[in-house]
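The structure under discussion appears below in the form of structure tokens.
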Amino acid sequence: MAPRPTRRHHRERERPVANSGPFDIVVLGAGSGGYACALRAAELGKSVALIERDESLGGTCLNRGCIPTKALLHAAEIADQAREAAKFGIRATFEGIDVAGVNAYKDKVVSTTVKGLTGLIKTRGIEVVHGTGRLTGPTTVEVVTADGQARTLEGAHIVLGTGSQPKTLPGLEIDGERVISSDHALRLDRVPGSVVILGGGVIGVEFASVWRSFGADVTIVEALPHLLPLEEESSSKRLERAFRKRGIKFEVGTRFEGAKPTQGGVSVTLEGGKNIDAELLLVAVGRGPVSDGIGLAEAGVETERGFVKVDEYCRTSVPTISAVGDLIPSPQLAHVGFAEGILVAERLAGLGPAPIDYDGVPRITYSDPEVASVGITSATARERGYEIKEFTYDLAGNPKSKILGTQGEVKVIAAVDGPVLGLHMVGARVGELIAEGQLIYNWEALPGEVAQLIHPHPTQSEAVGEAHLALAGKPLHVHG
């Protein structure tokens with residue numbers, strides 16, 4: 001990111017400000033939601049300015065989130081495959097992790113993707129302005145560049161997409177050395193000998209998976225009763241079982257009390273007095289919106305707990321301002337940001353898009369094993385008054401899963417005499433299966449309708465078909 005304004009920058013902002021525009025749309029933040037809005041708006045013939053304080057476009061997902069972490073997870077998968085090659089009849093040796101080489105691979109994936117995105121935005125005729133932006137009115141944004149120059153951009157409509165940043169707990173300071181965030185974890189130049197991960201959500205679970213594959217001793221601390229507490233409980237239990245087999249330790253239903261530096265790293269205290277010593281403490285307790293200092297209150301934009309309040313069409317309390325992505329209280333997923341950005345662009349172009357059904361958004365945790373879901377859990381279905389039926393197909397009966405050497409399940413939840421309400425999967429590569437689950441859920445398919453579809457053999461996708469066959473009352477490769 002380009003530096004935030006220093007005091008020197010603030011002094012220089014007193015100079016006369018250059019005005020620019022008007023544009024049809026000014027987008028503040030070039031992350032997933034912001035750049036998706038800019039691309040779609042330009043495609044629809046709108047003039048667009050895209051403001052980004054970072055040197056690179058793409059926001060957290062591309063530079064410090066989805067893409068680099070998944071590159072690390074793939075490197076971790078390669079390490080595990082090298083260790084386990086003998087069980088597939090392959091003679092190979094595992095000599096260790098070349099962290100510099102892993103980081104070079106990760107960074108190349110990021111840089112080439114950023115380059116592609118930058119070129120795409122350029123071809124759409126979008127004006128990119130690098131600097132730190134702040135609302136100065138319902139239709140204006142002032143941008144201060146790294147060299148202190150100020151410029152005001154005017155737009156008929158403003159779209160806010162400033163994203164999120166790692167959170168911590170009260171009294172717990174992230175120093176970037178012993179106590180680190182996910183941003184620091186992506187820049188480590190070594191494999192830590194031992195790590196305590198505070199938080200058993202997606203970020204914590206994925207880093208636990210990476211570091212264990214790289215050889216670290218890992219312990220996850222989660223205050224709620226299970227890892228991935230927002231997922232179907234059976235999926236969480238499957239993941240926990242797999243993590244135990246991998247030697248990943250976890251303390252669930254246990255609160256963090258404090259941390260203090262030691263000669264070898266950090267000592268973490270849990271409620272009840274238990275201490276865990278480790279080289280590093282990764283704080284993965286979630287991400288908070290980047291909403292301070294962007295002029296929300298001055299422009300009259302309503303917020304709640306730091307998030308910008310919006311309606312189902314991403315409209316804020318100010319008619320000329322919309323907000324998308326992690327800045328609003330919707331699922332913090334890049335593909336949600338894409339959808340929200342497109343929704344806003346199409347709304348402003350008068351196309352009348354439908355609101356987003358957030359239950360119908362696929363969710364994937366890219367650990368080993370992967371956890372994927374779409375729709376609602378059985379507990380949520382009951383809370384909403386559904387009478388449900390469900391079936392769980394064990395991947396032990398799926399030949400392709402046997403070939404891959406993975407274990408897990410596909411669970412389907414449906415309303416009695418009604419459509420599929422949720423699909424929940426655990427196992428290697430199940431993230432690739434959830435796209436079909438998305439179609440099943442969002443098109444309100446009945447189990448019997450899915451049962452008529454023929455899935456290719458041998459594939460893991462057969463597990464989806466088998467679960468629906470069983471739920472439709474005509475099981476095939478299922479005992480009992």
Side-chain angles (χ1 to χ4, degrees), residues 224-242 331 333 356-365 369-402 406-480:
L224 293 175
H226 291 288
L227 301 180
L228 300 183
L230 298 181
E231 293 289 350
E232 179 75 11
E233 186 173 333
S234 61
S235 295
S236 295
K237 289 180 177 179
R238 277 275 190 173
L239 177 70
E240 290 166 3
R241 190 185 315 167
L333 299 167
I356 297 167
D357 174 8
Y358 290 105
D359 288 338
V361 174
R363 305 168 293 271
I364 307 172
T365 302
E370 291 183 352
V371 180
S373 62
V374 67
I376 59 178
T377 65
S378 54
T380 299
R382 293 188 181 98
E383 289 169 3
R384 295 183 184 178
Y386 287 104
E387 184 182 357
I388 64 172
K389 58 182 181 178
E390 55 189 45
F391 184 82
T392 301
Y393 181 83
D394 197 307
L395 292 185
N398 177 256
K400 185 59 181 287
S401 295
K402 290 181 181 180
T406 189
Q407 297 179 339
E409 65 185 36
V410 173
K411 182 175 184 177
V412 181
I413 302 163
V416 172
D417 299 324
V420 172
L421 300 174
L423 294 94
H424 305 271
M425 309 177 184
V426 181
R429 305 186 185 181
V430 296
E432 301 297 335
L433 304 183
I434 205 62
E436 180 183 5
Q438 165 182 233
L439 297 177
I440 292 168
Y441 171 84
N442 284 291
W443 284 344
E444 300 180 344
L446 302 174
E449 292 172 331
V450 181
Q452 297 178 49
L453 304 177
I454 300 172
H455 289 77
H457 176 78
T459 65
Q460 285 185 292
S461 72
E462 288 179 279
V464 177
E466 293 274 2
H468 285 85
L469 282 165
L471 209 54
K474 47 182 183 181
L476 184 58
H477 298 100
V478 176
H479 292 286

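Side-chain atoms are counted along with the backbone in the values below, which use heavy atoms only and exclude waters and symmetry mates. Because the structure is predicted, anything quoted here is derived from the model rather than measured.
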remark   = Scanning both residues in full, the closest heavy-atom pair of Ser378 with Glu390 reads CB-OE1, 3.5 Å
Any side-chain heavy-atom pair of Leu239 and Leu228 under 4.5 Å = yes
query = Would you say the side chain of Leu471 lies within less than 4.5 Å of the side chain of Lys389, judging by non-hydrogen atoms?
reply = yes
Atom of Thr377, atom of His424 and distance for their closest heavy-atom approach = CA-NE2, 3.8 Å
key: Heavy-atom closest pair, residues Leu395 and Ala463   = CD2-CB, 3.7 Å
ask   = Is it the case that Glu462 and His477 place a side-chain donor and acceptor less than 3.5 Å from each other?
value = no
message = Would you compute the distance between atom CG of Leu469 and atom CD of Gln452 and round it to the nearest 0.5 angstrom?
response = 10.0 Å
query = Is there a side-chain contact between His457 and Pro399, using heavy atoms and a 4.5 Å cut-off?
reply = yes
inquiry  = Can a donor-acceptor pair be found, under 3.5 Å and without considering hydrogens, that links the side chain of Glu436 to the backbone of Val464?
reply    = no
query = About how many Å separate NZ of Lys237 and CD of Glu233, when rounded to the nearest 0.5 Å?
reply = 4.0 Å
query = Short question: side chain of Glu370, backbone of Gly431 - any donor-acceptor pair under 3.5 Å?
reply = yes
ask   = Where is the tightest heavy-atom contact between Ala451 and Ala472, given as atom of each residue plus distance?
value = CB-CB, 4.0 Å
query = What residue among Leu446, Val410, Leu453, Ile440 forms side-chain contact (heavy atoms from CB on, under 4.5 Å) with His468?
reply = Ile440
message = Using side-chain heavy atoms (C-beta onward) and a distance below 4.5 Å, is Phe391 in contact with Val478?
response = yes
query = Less than 4.5 Å apart, any side-chain heavy atom of Val420 and any of Ile413?
reply = no
inquiry  = As an exercise, state the distance from CG of Leu423 to CG of Leu433, rounded to the nearest 0.5 Å.
reply    = 10.0 Å
ask   = Would Asn398 and Gln460 count as a side-chain contact (heavy atoms from CB on, under 4.5 Å) if you check the C-alpha gap in whole Å, the side-chain angles of each, and the deciding distance to 0.1 Å?
value = CA-CA 7 Å; Asn398 177 256; Gln460 285 185 292; 3.7 Å; yes
query = Does Gln407 CD have over 12 foreign heavy atoms under 6.0 Å away?
reply = no
inquiry  = I need the minimum non-hydrogen distance between His455 and Ser461, along with the two atoms involved.
reply    = CD2-O, 3.3 Å
Heavy-atom side-chain proximity of Ser373 to Ser235 below 4.5 angstrom = no
query = So, for Glu231 and Arg363, which heavy atoms are closest and what is the spacing to 0.1 Å?
reply = OE2-CB, 4.2 Å
Donor-acceptor under 3.5 Å (Asp359 side chain, Ile376 main chain) = no
task = Taking Tyr441 for its side chain and Ala445 for its backbone only, find out whether a donor-acceptor pair lies under 3.5 Å.
result = no
task = Step by step, work out the side-chain contact (heavy atoms from CB on, under 4.5 Å) result for Met425 and Val371.
result = CA-CA 6 Å; Met425 309 177 184; Val371 180; over 6 Å; no
inquiry  = One thing to verify: whether Asp394 and Lys411 come together as a salt bridge, which I'm taking to mean a side-chain N less than 4.0 angstrom from a carboxylate O.
reply    = no
task = Begin with the C-alpha distance, continue with both residues' side-chain angles, and end with the deciding distance and a verdict on side-chain contact (heavy atoms from CB on, under 4.5 Å) for Val416 and Ile388.
result = CA-CA 5 Å; Val416 172; Ile388 64 172; 5.6 Å; no
